[in-house]
Amino acid sequence: MIAKKRLRAIFYLLLGIVFTLMITGCGSEDEAGSNEEQSISDAVDYTITGIEPGAGITATTETAIKEYDALKGWTLEQSSTAAMAAELDKAIAKEEPIIITGWNPHWTFAKYPDMKYLEDPKEIYGGEEIIASLARKGLKEDKPNAYKLIDQFHWDVEDMESIMYESKDTGDDIAEVAKRWVADNPEKVAAWVEGVEDVDGVKVTLVSTPWDSERSSSNVLKHVMEQKGFEVEITPVDVAVVFESIANGDGDATLAAWLPVTHKKFYDQYQDKFDDLGENLKGAKIGLVVPAYMDIDSIEDLEAKK
Ligand code: PBE
């Protein structure tokens, strides 16, 4: 009787073991199978979702594709910042993989705090970027008060972001939000206008780029300058045209130069043809960015297209 019970127990134990082995065996085979089928590189079709062709980050990403073996055969899809944001929304909604050209300050990181920059061991995208102000040659002599104010303008990442986020949240135009920011930040503004005399309708052209970051800075400065009596026009153009027009004197100044990496090509090209007034913001950054749910950390974890 006892022997029979023991036999039955052993039988069920063995059955259990066989069954467990079958299940775990199948499971790991399945996983291995799906891993092989779809790498991240394959899943994104060896494509980086980019922005405008005229952006510095577009040129920098073309360089990255040339420099990294892991990016051989990859495509940078160029369209617009809005189209890229729409692709990102779609991918995140479905938890699908996507690789974008991303930067700070930008509202993406407020809307999706779980985004990460891919490590860039070759430092193609550099480390910390600054945003610099440039003035045309002769502005200092022609419009000394404008030059002084532009030279004294600088603020923090948080200031710029607060305008971008508020515009995104409320739907109010950045120009309008910038005006409110100026009213709400009298101490910062006071430091910029220190020693600047009031003028009577002196015209100033600020050349800028179409991104929210530069629309924020340019509109803030425009509003402060108008309070001092300047008449300010903001012209949003491609990065190449920003540098060209400051170099040839068509534009008076810009607050939109991302350095030392993002706009290096243009900076070097026109280097001695403008006054570099130094940074107006520290702590900017560019790179390849992915949602945190993607199991990847470095550009070198990607794979060349076969
Ligand atoms: N950006 C935002 C621009 C500069 C500001 C990083 C997209 C670029 O030229 O790449």
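Just so you know, these numbers come straight off a predicted model, no measurement behind them. Numbering of ligands and ligand atoms starts at 1, following listing order.
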Flag the pair Trp192 / Phe153 as yes when their ring centroid distance falls below 6.0 Å, and as no otherwise.
-> yes
Write out each pair where an N or O from ligand 1 and one from the protein are under 3.5 Å apart, with the distance.
{"from": "ligand 1", "atom 1": "9 (O)", "to": "Gly56", "atom 2": "N", "distance (Å)": "2.7"}
{"from": "ligand 1", "atom 1": "9 (O)", "to": "His263", "atom 2": "NE2", "distance (Å)": "2.7"}
{"from": "ligand 1", "atom 1": "10 (O)", "to": "Gly56", "atom 2": "N", "distance (Å)": "3.2"}
{"from": "ligand 1", "atom 1": "10 (O)", "to": "Ile57", "atom 2": "N", "distance (Å)": "2.8"}

Between Asp173 and Arg215, does at least one N-O distance fall below 4.0 Å, as a salt bridge requires?
-> yes
Tell me, please, whether Phe230 has Lys203 positioned over its six-membered ring: NZ or CZ under 6.0 Å from the ring centre and within 45 degrees of its axis?
-> no
Salt-bridge criterion met for Asp156 and Lys282 (N-O under 4.0 Å) | no
Tyr125 and its side-chain hydrogen bond (donor to acceptor under 3.5 Å, both in side chains) partner, picked from Thr63, Thr61, Thr262 | Thr61
Contacts of Asp45 meeting side chain to side chain contact (heavy atoms under 4.5 Å, CB included) (sequence neighbours excluded), chain-then-number -> Thr47
